[in-house]
Amino acid sequence: MTVRRWPLLAMTALAACSLDPHYVRPDPAVPPSWPVGDSYLRSTEASLPSVDYRQILLDPHLQSIIARALENNRDLRIAAANIESARALYRVQRAALLPQIDATARSSTSNGLISSSTGSTGSTGITGGTGGTGTGGTATGTGTGTGTGGAGSGGTGTGTSGTGTGTGTTTTGTTGSSGARTVFSAQIGVTAFEVDLFGKIRSLARASLQQYFATEAAARATRLTLVGDVANAYLTLATDRSLLQIAIDTEKSAQRSVDLTDARLNGGVAPRTDLRQAQSVLFQAQSDKANTTTLVAQDRNALELLVGAPVLDSDLPASIEAVDGMIAPLPAGLDSRVLLRRPDVVQAEFTLRAANARIGAARANFFPTISLTAAAGFASTALTSLFSGGAFSWSVAPAVSLPLFDGGANSGNLAYAKAQRDVAVATYQKTVQTAFREVADALARRGTINAQTGAQIAAEQAADDSNTLETARYNGGIDPYLNVLVTQRTLYTARQSLASARLLRAQSLVTLYQTLGGDQLLDPPPLPGATPAPR
């Protein structure tokens with residue numbers, strides 16, 4: 001190996017180095033398993049299966065609405081645009097690793113007076129050429145040489161040939177203008193290409209790549225949130241439609257009671273207080289009917305906003321009872337590390353990786369910067385001879401810059417990069433903790449909601465039976481109307497509570513699907529020519 005190869009090998013070795021800190025995934029700072037106890041859902045599954053939302057949300061109308069939302073929702077379009085922006089920024093940063101080669105062609109024309117000094121005593125003489133007379137004096141000379149006299153713009157000149165020793169006097173003058181002069185040139189070259197010896201550009205490229213991955217994970221989080229929001233809006237609309245039907249049914253029942261009580265009052269059998277009590281139930285049902293009608297309209301507006309397009313009447317749910325059994329249960333994982341697959345957690349970790357890479361770039365600023373400028377091309381005063389061999393020229397201009405004093409700017413940038421990395425670590429751990437809390441809450445709800453719904457169903461049945469019996473006793477003249485009023489109100493409340501319980505049960509399944517990460521992938525697809533960091 002020759003000595004000349006050592007500088008090349010040294011530069012190659014330096015170009016492969018990285019000043020990034022070694023990345024270690026932070027401790028998630030959560031217990032290794034979910035909470036246990038009477039309030040929590042018991043599960044024997046070890047991990048969450050990767051499922052599509054269609055395997056959980058079985059209602060075909062809801063599936064159709066979600067599919068349209070995934071196509072039309074503006075939040076998803078914003079997220080998609082953010083992904084494209086992050087991908088473009090990564091490509092811009094990665095391009096800095098390669099030199100930028102430019103080709104230029106110029107044509108310049110100049111016109112003006114040219115100052116010169118002529119005349120000297122020389123042992124070899126002066127070659128005759130174009131002479132001139134101008135303001136400031138004259139110049140003459142004779143000597144050894146050959147020349148050809150010629151006329152120039154603004155004066156005349158002579159030349160003689162011969163051999164001998166010449167003498168002359170020296171004066172200074174200005175040569176007359178000879179007209180416009182045009183120069184043609186064509187070059188190809190590299191301007192200020194920074195040689196990445198200490199990995200600064202590579203660190204910035206890695207940071208851009210990790211930021212792209214974080215943006216892609218954020219888009220998947222937006223998608224998962226959209227699926228959950230559409231499902232919850234659909235279920236809320238179904239529940240309000242059930243409540244509207246309950247109010248309509250109660251209004252009809254109360255109207256019959258009012259008509260019967262009014263007839264009994266006119267017959268002198270019932271007092272006016274019975275009529276007023278019956279009317280109180282009727283008026284409350286009418287009020288609830290009007291309010292729930294508004295809620296149903298608002299629920300539809302909210303659903304269409306999420307979808308980003310009108311929703312067909314045929315796709316709207318008839319009632320919560322009709323969709324209550326159309327959501328499949330999803331088992332929870334015993335190992336809390338399943339949270340690391342959630343899109344928001346993945347986003348936080350990629351953001352942390354980007355902050356880690358920026359520390360390497362900040363460290364590289366303390367080392368010399370080597371840049372290279374090179375050009376090769378042709379220059380000539382005639383376009384026809386531009387690419388002749390004699391017109392070729394080249395230049396190479398390497399430069400080295402070493403920071404000696406910057407007022408603490410580099411140290412400040414490094415401290416800032418480290419502080420941002422600490423912020424990213426804390427954000428990552430908080431994101432995991434928040435995810436753990438959300439899953440624990442969902443498990444707590446799933447652990448008791450079936451018992452709550454079952455009890456509410458039994459309460460509604462008991463209230464309905466009690467109302468039937470008490471109405472018969474009142475019609476038979478056994479009990480006062482006050483007992484009927486109490487049972488009517490109890491039945492009305494029980495039916496409303498049962499509808500709300502069905503909504504909670506359905507929403508708990510959707511929430512558990514969301515909090516566990518849904519059908520998200522562990523990692524985003526890599527960019528062409530790029531390899532994501534190992535996980």
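Residues take their numbers from the sequence shown, with the count starting at 1.
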Self-check item: Value rounded to 0.5 Å, distance of CD in Q456 from OG in S500
Solution: 8.5 Å
Practice problem: Decide yes or no for D324 and L503: does some side-chain heavy atom of the first lie under 4.5 Å from some side-chain heavy atom of the second? | Solution: no
Exercise. Evaluate the side-chain proximity of P21 to R363: yes if any heavy-atom separation is below 4.5 Å, no if none is.
Key: yes
Quiz prompt | Any L62 side-chain heavy atom under 4.5 Å of M326 side chain | solution = no
Exercise. Take T236 and Q507 through the test side chain to side chain contact (heavy atoms under 4.5 Å, CB included) and record every step on the way to the result.
Key: CA-CA 9 Å; T236 301; Q507 286 183 332; 3.6 Å; yes
Quiz item: How close do G360 and S203 get, heavy atom to heavy atom, and via which atoms?
Solution: C-OG, 3.8 Å
Quiz item: Would you say the side-chain atoms of D465 and Q461 include a donor-acceptor pair closer than 3.5 Å?
Solution: no
Quiz item: If you look at every heavy atom in A354 and Q211, which pair is closest and at what distance?
Solution: CB-OE1, 3.8 Å
Self-check item: Q63 side chain vs R54 backbone, donor-acceptor pair below 3.5 Å
Solution: yes
Practice problem: For the pair R358 (side chain) and A207 (backbone), establish whether a donor and an acceptor sit closer than 3.5 Å, ignoring hydrogens and angles. | Solution: no
Quiz item: Among side-chain atoms of Q452 and R445, is any donor-acceptor pair under 3.5 angstrom?
Solution: yes
Quiz item: Knowing that exactly one of N72, N73, I78 qualifies, which makes a side-chain contact (heavy atoms from CB on, under 4.5 Å) with L76?
Solution: N73
Self-check item: Min side-chain heavy-atom separation Y492-D288 under 4.5 Å
Solution: yes
Self-check item: Aromatic ring pairing Y474/Y481, orientation class (parallel under 30°, perpendicular over 60°, tilted between)
Solution: perpendicular
Practice problem: May I ask you to decide if L512's main-chain N or O and R446's side chain share a donor-acceptor pair within less than 3.5 Å? | Solution: no
Practice problem: State, to 0.1 Å, how close R300 and L312 come at their nearest heavy-atom pair, and which atoms those are. | Solution: NH2-C, 4.3 Å
Quiz item: Hey, does Y212 have a side-chain heavy atom less than 4.5 Å from the side chain of L89?
Solution: no
Quiz item: Looking only at heavy atoms, which two atoms of L414 and F366 are closest? And how far apart?
Solution: CD2-CE1, 3.9 Å
Exercise. Show your reasoning for whether side chain to side chain contact (heavy atoms under 4.5 Å, CB included) applies to K289 and L244.
Key: CA-CA 6 Å; K289 174 185 173 182; L244 177 59; 4.0 Å; yes
Quiz item: Counting only N and O atoms by type, is there a donor-acceptor contact under 3.5 Å from the side chain of S64 to the main-chain atoms of P60?
Solution: no
Self-check item: Worked check of side-chain hydrogen bond (donor to acceptor under 3.5 Å, both in side chains) between Y234 and D299
Solution: CA-CA 8 Å; Y234 184 86; D299 292 341; over 6 Å; no
Practice problem: Please round to the nearest 0.5 Å and tell me the distance separating atom CG of L504 and atom CG of L235. | Solution: 10.5 Å
Quiz prompt | Any donor-acceptor pair under 3.5 Å from S508 side chain to R505 backbone | solution = yes
Quiz prompt | Residues Q245, D249; criterion side chain to side chain contact (heavy atoms under 4.5 Å, CB included); working and verdict | solution = CA-CA 6 Å; Q245 188 60 47; D249 293 342; 2.9 Å; yes
Practice problem: Indicate yes or no for a side-chain donor-acceptor contact from N410 to the backbone of N365 under 3.5 Å, with no hydrogens or angles considered. | Solution: yes
Self-check item: Any E438 side-chain heavy atom under 4.5 Å of D441 side chain
Solution: no
Quiz item: Taking atom types as modelled, is there a side-chain donor on E321 or S242 under 3.5 Å from an acceptor on the other?
Solution: yes
Quiz item: Would you say the side-chain atoms of S466 pair up with the backbone N or O of A462, donor to acceptor, closer than 3.5 Å?
Solution: no
Quiz item: If you look at every heavy atom in A362 and A417, which pair is closest and at what distance?
Solution: CB-CB, 4.2 Å
Quiz item: Taking T261 as the fixed residue, which of N266, D274, T273 is the one that meets the side-chain contact (heavy atoms from CB on, under 4.5 Å) rule?
Solution: D274
Quiz prompt | Audit row: I457, R502, side chain to side chain contact (heavy atoms under 4.5 Å, CB included) steps and yes/no | solution = CA-CA 10 Å; I457 291 174; R502 293 184 188 277; 4.1 Å; yes
Quiz item: Say you draw a straight line from CD of E349 to OH of Y428; how long is it, rounded to the nearest 0.5 Å?
Solution: 4.5 Å
Practice problem: With salt bridge (Lys or Arg N to Asp or Glu O under 4.0 Å) as the test, would you mind laying out the steps for E71 and R77 before giving the verdict? | Solution: CA-CA 9 Å; E71 293 177 359; R77 293 187 180 184; over 6 Å; no
Practice problem: Taking atom types as modelled, find out whether R87 and T215 have a side-chain donor-acceptor pair closer than 3.5 angstrom. | Solution: no
Quiz item: Minimum heavy-atom separation for D229 to L306, with atom names?
Solution: O-CD1, 3.5 Å
Quiz item: Roughly how far, to the nearest 0.5 Å, is OG1 of T427 from CD of Q420?
Solution: 9.0 Å
Quiz item: Got a second to check how far L498's CG is from I320's CD1, nearest 0.5 Å?
Solution: 10.0 Å
Quiz prompt | Distance-only donor-acceptor check, side chains S257 and Q488, under 3.5 Å | solution = yes
Quiz item: For the atom pair CG (L224) and CZ (R342), what is the distance rounded to the nearest 0.5 Å?
Solution: 8.0 Å
Quiz prompt | Sequence-distant partners of L282, side chain to side chain contact (heavy atoms under 4.5 Å, CB included), two or more places apart | solution = E251, A254, Q255, V258, Q286
Quiz item: Can you tell me if CZ on R437 sees more than 12 non-hydrogen neighbours from other groups inside 6.0 Å?
Solution: no
Quiz item: side-chain hydrogen bond (donor to acceptor under 3.5 Å, both in side chains) between R489 and S280: does it pass, once the steps are laid out?
Solution: CA-CA 10 Å; R489 289 177 174 174; S280 67; 3.0 Å; yes
Self-check item: R341 vs V345 side-chain heavy atoms within contact, under 4.5 Å
Solution: no
Quiz item: Is the closest side-chain heavy-atom distance between L237 and L316 below 4.5 Å?
Solution: yes
